[in-house]
There are 2 protein chains.
Amino acid sequence: MTAPKNKLAPTMNEVAKEAKVSVAKVSRVVNGKGGVKKDLEQRVLRAMKKLNYHPSSLARSFKQQRSMLIGIVIPLLEHPAYSRMASAIERRLFDYDYRALICNSEEDEERENDYIEMLLRQRVEGIIINSSARGTQHLAELRDNNIPIVLFDRMLQDVQCNQVFCDNSLGGYTGMRHLFELGHRRVGVIGAPMYPEPMIRRIRGTREAIAELGMDDDPALLVTGDTQLFDMGYQAAQHLLGLNVPPTAIFALTDVTAVGVMHAVAEMGLKIPDDVSVMGYDDLPIASYTIPPLTTIAQPLIEMGEKAVELLFKQIDDPDLAPEKAVLPTRLILRQTTALLRH
Amino acid sequence: MTAPKNKLAPTMNEVAKEAKVSVAKVSRVVNGKGGVKKDLEQRVLRAMKKLNYHPSSLARSFKQQRSMLIGIVIPLLEHPAYSRMASAIERRLFDYDYRALICNSEEDEERENDYIEMLLRQRVEGIIINSSARGTQHLAELRDNNIPIVLFDRMLQDVQCNQVFCDNSLGGYTGMRHLFELGHRRVGVIGAPMYPEPMIRRIRGTREAIAELGMDDDPALLVTGDTQLFDMGYQAAQHLLGLNVPPTAIFALTDVTAVGVMHAVAEMGLKIPDDVSVMGYDDLPIASYTIPPLTTIAQPLIEMGEKAVELLFKQIDDPDLAPEKAVLPTRLILRQTTALLRH
DNA sequence: TTGTATGCGTTATCAT
DNA sequence: ATGATAACGCATACAA
């Protein structure tokens with residue numbers, strides 16, 4: 001790509017000349033600092049309009065050493081849960097006159113690192129990150145660079161910084177317990193993808209429930225995989241229901257996979273919830289519109305986003321503040337895909 | 001929000017001091033310009049690492065008068081179709097070393113204008129916009145500001161700039177014709193929301209089919225509304241199927257509304273496609289996973305994004321190039337929600 | 001091969 | 001109330 005050949009945007013200097021005043025006055029008018037005579041102010045305003053002047057954030061940020069930019073790093077913009085988080089965060093930042101640099105890491109650690117380097121260069125004043133990395137070294141480095149950071153959704157144990165997440169372990173447990181109470185003892189769990197932290201915890205929660213409540217503890221009942229898309233749920237359900245002793249319920253640790261599960265179940269000619277109970281996790285909009293509507297574990301995505309912004313600004317205001325961990329509540333949403341086990 | 005009290009990032013000057021060379025040399029090393037002795041280059045690299053130096057894009061962009069930033073304006077980040085478009089565009093820009101400023105206008109004209117002003121201030125080198133505005137004045141203004149712009153998805157007649165979109169009218173026609181060929185004469189059309197340009201065209205396409213093929217032309221069969229979410233489809237379907245003479249098929253001009261339709265149909269105890277045929281529009285991932293899978297009109301969202309980026313860079317390279325309109329093909333995806341009309 | 005100096009557009013400080 | 005001017009971090013033209 002070569003350099004743009006476009007006419008350059010007008011500068012404050014040109015406005016000053018047009019209005020026959022000094023740049024200082026233009027600056028004062030632009031920033032509404034007051035101390036400018038009414039008639040001159042009008043002249044400046046007119047000149048601005050005439051030249052179609054838009055103050056350069058580039059120059060301004062550079063001069064002030066403040067970018068008014070916050071980085072948002074999420075694993076997959078196309079995933080409804082993540083796009084919802086990103087949009088909640090962005091909306092809140094906008095209210096504060098901050099702009100968001102939304103980075104779509106596509107669950108790729110290297111891409112995530114590239115983005116972080118980019119954000120550092122853009123001199124973002126803070127980063128809210130839903131990290132796809134397995135390690136925490138790059139985040140520790142951010143902290144050492146003194147850039148305010150909030151870990152979002154995916155918490156990480158051994159890094160000292162602000163974190164906002166739900167108790168995924170409890171969520172996993174709650175779902176399992178719900179199925180247990182309906183009489184299910186043999187429950188297939190779809191924890192795909194395997195590695196991100198929330199998923200590991202959700203799985204752990206289900207295992208705790210299995211142990212504590214004395215449910216079937218069969219390794220064949222846990223299916224993991226690479227993606228968290230429809231397809232994964234579809235395949236996993238086929239596998240689970242093809243087992244010698246198939247489960248009577250399936251807990252898909254993501255709504256999107258749950259939809260895939262429902263599809264597979266229907267295709268096999270089974271009825272939900274009569275023949276198999278199905279649970280999801282996330283409470284995405286789609287969960288209300290499956291047929292029948294999906295019982296699921298809700299996460300307050302919007303509140304999480306708002307909390308993250310709050311913590312970030314707190315830290316920007318006072319960098320020495322001790323990092324805070326905000327754990328938001330998870331909620332069982334009863335709909336119609338789970339039912340009493342038929343004997 | 002007060003000014004950040006964080007330690008400032010190290011500058012090139014500090015690196016130069018640390019390495020005991022001039023800033024010019026550091027600059028050369030950073031930009032890989034060559035003409036630097038190996039050992040000195042090593043010293044600079046070491047100093048950079050030691051100080052944790054990240055070149056300031058702010059200063060760089062400011063100095064070079066090139067932001068390397070492109071603005072993307074979309075109506076609703078949380079909508080799967082739009083987040084997919086945004087992500088396709090962003091990915092492609094990233095390959096070109098450009099960064100995206102993703103703006104979520106939330107279908108709000110004023111918000112869209114705020115964002116555009118912001119983008120102008122950020123000195124973006126171009127804008128790819130899926131506009132929520134009804135008028136075109138602000139876009140004409142952009143063009144007059146000489147900022148390269150590509151209209152995306154939602155085309156606008158009377159503004160002279162690059163545009164990428166699908167033939168929505170043909171899409172609407174194609175869907176209708178498909179239903180016609182299955183024997184349906186009385187088809188409910190859900191064109192919600194009403195005003196954006198693609199929707200107007202899709203509706204027009206259905207009307208052309210109705211006229212040309214001699215299908216039932218009953219105003220009660222066209223339902224419009226404010227959103228394009230599940231809910232809208234749900235309500236619209238209830239309305240349509242409650243008509244004195246209900247339609248035998250429903251064409252929801254958006255997959256998301258189609259899912260809402262399917263939900264309503266199921267709730268009323270009707271079978272798809274036996275009792276009612278249902279068609280969607282978009283071919284979102286969810287369309288493959290409804291039960292039964294949704295017959296729909298596919299739009300090549302990824303290709304649209306890539307084409308938009310291509311046109312944008314073309315215009316950046318040569319601002320005097322005549323604007324181009326790229327019309328991408330739409331495709332009928334046959335799945336299982338439409339069937340021959342039972343007599 | 002290296003360093004010095006200039007300027008990008010803005011804000012802020014200091015005179016006036 | 002107003003204007004002249006320095007400074008922000010970097011790339012580059014030019015001198016050495």
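Bear in mind the structure is a predicted one, so any value in this text is a computation, not a measurement. Proteins get letters first, then strands, A, B, ... in listed order; numbering begins at 1 in each.
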Exercise for the section: Round to the nearest Å and state the distance from A:M68 atom CE to C:dT10 atom P. Expected result: 17 Å

Handout entry: Rounded distance (Å) that lies between atom P of D:dC10 and atom CZ of B:R66
Key = 18 Å

Problem - Distance below 4.0 Å between B:N13 side-chain N/O and D:dC10 OP1 or OP2 - result: no

Handout entry: Proximal nucleotide (of D:dT2, C:dT4, C:dT10) relative to the B:A24 side chain
Key = C:dT4

Exercise for the section: Send over the distance from B:K25 NZ to C:dA5 P, rounded to a whole Å. Expected result: 17 Å

Exercise for the section: Using whole Å, report how far CG of B:L58 lies from P of C:dC8. Expected result: 18 Å

Exercise for the section: From the options C:dG9, D:dT5, D:dT2, select the nucleotide whose nearest atom is closest to the side chain of B:Q65. Expected result: C:dG9

Exercise for the section: Compute whether any side-chain donor of one residue and acceptor of the other, for B:E112 and B:H138, lie under 3.5 angstrom apart. Expected result: yes

Exercise for the section: Using the ring of B:F94 (Phe, Tyr or Trp, six-membered ring only), decide whether A:R111 places NZ or CZ under 6.0 Å from its centre and within 45 degrees of its axis. Expected result: yes

Problem - Over 12 foreign heavy atoms within 6.0 Å of CD, B:Q160 - result: no

Fill in the blank from the handout: Ranking D:dT12, C:dG3, C:dT10 by distance to the side chain of B:V21, first place goes to C:dG3

Problem - Distance in angstrom units between A:K20 NZ and D:dA1 C1', rounded - result: 20 Å

Exercise for the section: Pick base, sugar-phosphate or nothing for A:V30, based on heavy-atom distances below 4.0 Å to the nucleic acid. Expected result: nothing

Problem - Shortest side-chain distance from B:M12, nucleotide among D:dC10, C:dT4, D:dC8 - result: D:dC10

Completion exercise
Closest of D:dT2, C:dT10, C:dT2 to the A:L40 side chain is D:dT2

Fill in the blank from the handout: Regarding the side chain of A:Q64, the nearest nucleotide among C:dA12, D:dA11, D:dG9 is C:dA12

Problem - No-H, no-angle donor-acceptor pair, B:R123 side chain to C:dG9 base, under 3.5 Å - result: no

Exercise for the section: Give a yes-or-no answer on whether the side chains of B:E14 and B:Y53 include a donor-acceptor pair shorter than 3.5 Å. Expected result: no

Practice task
Show your working on side chain to side chain donor-acceptor pair (under 3.5 Å) between A:E78 and B:S83 and close with a plain yes or no.
Solution key: CA-CA 5 Å; A:E78 298 181 54; B:S83 67; over 6 Å; no

Problem - Side-chain N,O (B:S27) to OP1/OP2 (D:dA11) below 4.0 Å - result: yes

Completion exercise
Note: for B:F62 and A:K33 on DNA chain C, the residue whose nearest nucleotide lies more 5' is B:F62

Exercise for the section: Tell me which of A:V26 and B:S22 sits closer to the 5' end of DNA chain C, going by the nucleotide each one is nearest to. Expected result: B:S22

Practice task
Report the distance from atom CG of A:L8 to atom C1' of C:dG7, rounded to the nearest whole Å.
Solution key: 14 Å

Practice task
Could you please spell out the steps behind the side chain to side chain donor-acceptor pair (under 3.5 Å) verdict for A:E109 and A:S132?
Solution key: CA-CA 6 Å; A:E109 192 156 352; A:S132 295; over 6 Å; no

Practice task
Would you kindly check whether a donor in the side chain of A:K63 faces an acceptor in the base of C:dT10, or vice versa, at under 3.5 angstrom?
Solution key: no

Completion exercise
Against the side chain of B:R28, the closest entry in D:dC14, C:dT11, D:dG9 is D:dC14

Exercise for the section: Kindly say if B:R60 contacts the phosphate of D:dG9, meaning a side-chain N or O under 4.0 Å from OP1 or OP2. Expected result: no

Exercise for the section: Would you kindly give the CD-to-P distance between B:E14 and D:dC10, to the nearest whole Å? Expected result: 9 Å

Practice task
Round to the nearest Å and state the distance from B:H54 atom NE2 to D:dG9 atom C1'.
Solution key: 16 Å

Exercise for the section: Look at the side-chain N and O atoms of B:K37 and state whether any lies under 4.0 Å from the OP1 or OP2 oxygen of C:dT1. Expected result: no

